Amino acid sequence: MDPVGVAAAAPEAGPGPAWQSKNIYFQCPWGTPKTTSISCSLADVMSEQLAKELQLEEENAAFPEVVAVAEGPFITGENVDTSSDLMLAQMLQMEFDREYDAQLRREEKKFNGDSKVSISFENYRKVHPFDSDSSEDEVDWQDTRHDPYRADKPTITPKKGFIGKGKDITTKHDEVVCGRKNTARMENFAPEFQVGDGIGMDLKLSNQVFNALKQHAYSEERRSARLHEKKEHSTAEKAVDPKTRLLLYKMVSGGMLETITGCISTGKESVVFHAYGGKSATEEDKVIPPECAIKVFKTTLNEFKNRDKYIKDDYRFKDRFSKLNPRKIIRMWAEKEMHNLTRMQNAGIPCPQVVILKKHVLVMSFIGQDQVPAPKLKDVKLNSEDMKKAYYQVLNMMQQLYKECNLVHADLSEYNMLWHDGKVWLIDVSQSVEPTHPHGLEFLFRDCRNVSQFFQKGGVVEALNERELFNAVSGLNITAENEVDFQAEIEALEKMNEDHVQNHGKKVSTFSTDGDPPIYNE
Ligand code: ADP
Ligand code: MN
């Protein structure tokens, strides 16, 4: 999010309906370069997941003694993707990094000894908390009820001790014997799979390495089979990481969604999919809409860093913000979008209806029909009558949002308004804040500028200018004649509020106004 201007930021990446789009790439948690992607359809990915699980089951029955290592950073069961060499290399790197961190922890302990004041080496760690697969991270922080979509993990094993040589394999078998056995087992891999010269040598593969290779071999095998047999599946998307894929897969297998048909949009911060709703209801017995939009907040963390200011000053989330790791902060965006949509729904503002939130995946009703999403205001050509109608509707929605929902959209523009059923629908509200947010009024002013410019350029002569619109929405009466002074007054108001918070520990409930804002109607 660019704080300087929404219009300039032009947040939408992919143009238009996207199932034709061929340039959606697999987002691996480490940010895989585009070239490593292999294309296959989402449905394919889903069934591959199933295949993988079944395969593993089968395999474990066939070689019960093989998988003595049930844990470690590599093989934790289903949601491990070893389908690329890069991934494999990264897994190995991760293992090295973990060993490094373990050593660091030992040194930290030694350094601090029994001293009351201890020094933390945390900043020197290679594997940061959000990279680690800590069990704590698997807990759905916002939802303590039973989670039917949570991955069925093998019973959580205690954190690895730091004794030994780092590769602390929990095996009953002698390492050397076991290693030789593993090497021999490579013969079971598909003939096309390159295992190198290891088989002729006295090579001892650790269980971890063997297991990773094994998974890699199987997925390679399946991939090659798939490529040969289903060329038509070459379009769709590997736009989400393995954990997200599993979440989506479980929504389908659990019957909440019928099918996920394709990707509507890939933005910097989210990927949106279209799905047909399933027959079974959610936990809250909500009926699933016939068509759904699934917004997956990207777990690649970079883009979210500069969104900090929206959430860290939002008192609703303040306490939690400081305690959370970045992955959880991303879930918080999803949660924020859900709460904001709910408020809007309650006020009767046309917007997607929340179906369910699972971690960083938000399912909502689809605005559009037959897989075709409603066009954005920026893309639709309205006649002057509809344009005028849209303007008054947007004006009223902005007032409702402010007064009834106590929200400022904060990314309002023709990019986040859809035209559907003869009216404007507001979307994309994860960044919306309350007006008393330290920058709330600035965000509102920016929204007003976007809206005002859009409708004025669109030929709506009645459209208020940005300053008039700001006053009309907020009910404030800022009289400054030019933009610079106007903004200065806005910032002064925000500062007054902040001072109030400093001195009284709470926000002024609303900014004082000279009565209600005028209601504008056609
Ligand atoms: P971003 O942060 O990536 O801009 P948005 O919430 O704006 O996320 O979604 C991106 C695009 O996906 C939108 O511009 C819209 O075209 C489409 N989209 C999002 N939600 C829905 C929905 N509920 N129904 C139909 N299309 C949607
Ligand atoms: Mn958007």
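Note that ligands are numbered from 1 as they come in the structure, with each ligand's atoms numbered from 1 the same way. Quick caveat: nothing in here was measured; it's all calculated off a predicted structure.
Residue nearest to atom 26 (N) of ligand 1, selected from Pro373, Pro375, Ala374: Pro373 (by heavy-atom distance). For atom 18 (N) of ligand 1, the candidate residues are Val363, Val272, Asp379; the nearest heavy-atom contact is made by Val272.
Side-chain N/O atoms of Ser413 and Asn416 include no donor and acceptor closer than 3.5 Å. In summary, the side chains of Asn450 and Asp447 do not present any donor paired with an acceptor at a separation below 3.5 Å, with no hydrogens or angles considered. Checked by atom type, the side-chain pair His439/Glu442 shows a donor-acceptor distance below 3.5 Å.
If you look at Lys268 next to ligand 1, there are no close heavy atoms at all, none under 4.0 Å. Both the backbone and the side chain of Ile367 come within contact range of ligand 1, each with a heavy atom under 4.0 Å. The side chain of Ile427, and not its backbone, has at least one atom closer than 4.0 Å to an atom of ligand 1 (non-hydrogen atoms only; side chain from C-beta on). Contact annotation: for Ser430 versus ligand 1, there are no heavy atoms closer than 4.0 Å.
Shortest non-hydrogen contact noted between Ile264 and Pro373 is CG2-CG, 3.5 Å.
Applying the 4.0 Å criterion to heavy atoms of Phe366 picks out, from ligand 1, the atoms 24 (N), 25 (C). If you number the atoms of ligand 1 from 1 as listed, the ones under 4.0 Å from a heavy atom of Pro352 come out as 23 (N). With ligand atoms numbered from 1 in the order given, ligand 1 contributes 21 (C), 22 (C), 23 (N), 24 (N) to contacts under 4.0 Å with heavy atoms of Ala293. Listed by atom number, the atoms of ligand 1 under 4.0 Å from Met364 heavy atoms are 20 (N), 23 (N). Atoms of ligand 1 found under 4.0 Å from any heavy atom of Ser265 (numbered from 1 in listed order, with element): 10 (C), 11 (C), 12 (O). Counting atoms of ligand 1 from 1 in the listed order, those under 4.0 Å from a heavy atom of Lys295 are 2 (O), 5 (P), 6 (O), 8 (O). Close contacts of ligand 1 with Asn416, meaning ligand atoms under 4.0 Å from a residue heavy atom, involve 7 (O).
Taking 2.8 Å as the criterion, Asn416 counts as a coordinating residue of the Mn ion (ligand 2), since one of its N, O or S atoms falls below it.
With hydrogens and angles disregarded, a donor-acceptor distance shorter than 3.5 Å links the side chain of Gln400 to the backbone of Ala347. Within the 3.5 Å criterion, the main-chain N or O of Leu362 finds no donor-acceptor partner in the side chain of Glu337. Proximity of a side-chain donor or acceptor of Glu494 to a complementary backbone N or O of Leu441 within less than 3.5 Å is detected. A donor-acceptor pair under 3.5 Å is absent between the side-chain atoms of Lys378 and the main chain of Phe454, judged by distance alone.
Using a non-hydrogen distance threshold of 4.0 Å, Ser270 registers as a contact of ligand 1.
In this pair, Phe455 and Tyr391 present their aromatic rings perpendicular. The plane angle is above 60°, beyond the 30 to 60° band. Classified by interplanar angle (parallel below 30°, tilted 30° to 60°, perpendicular above 60°), the ring pair Tyr276/His274 is perpendicular.
Distances from the Mn ion (ligand 2) to each N, O or S atom of Asp428 single out OD2 as the nearest.
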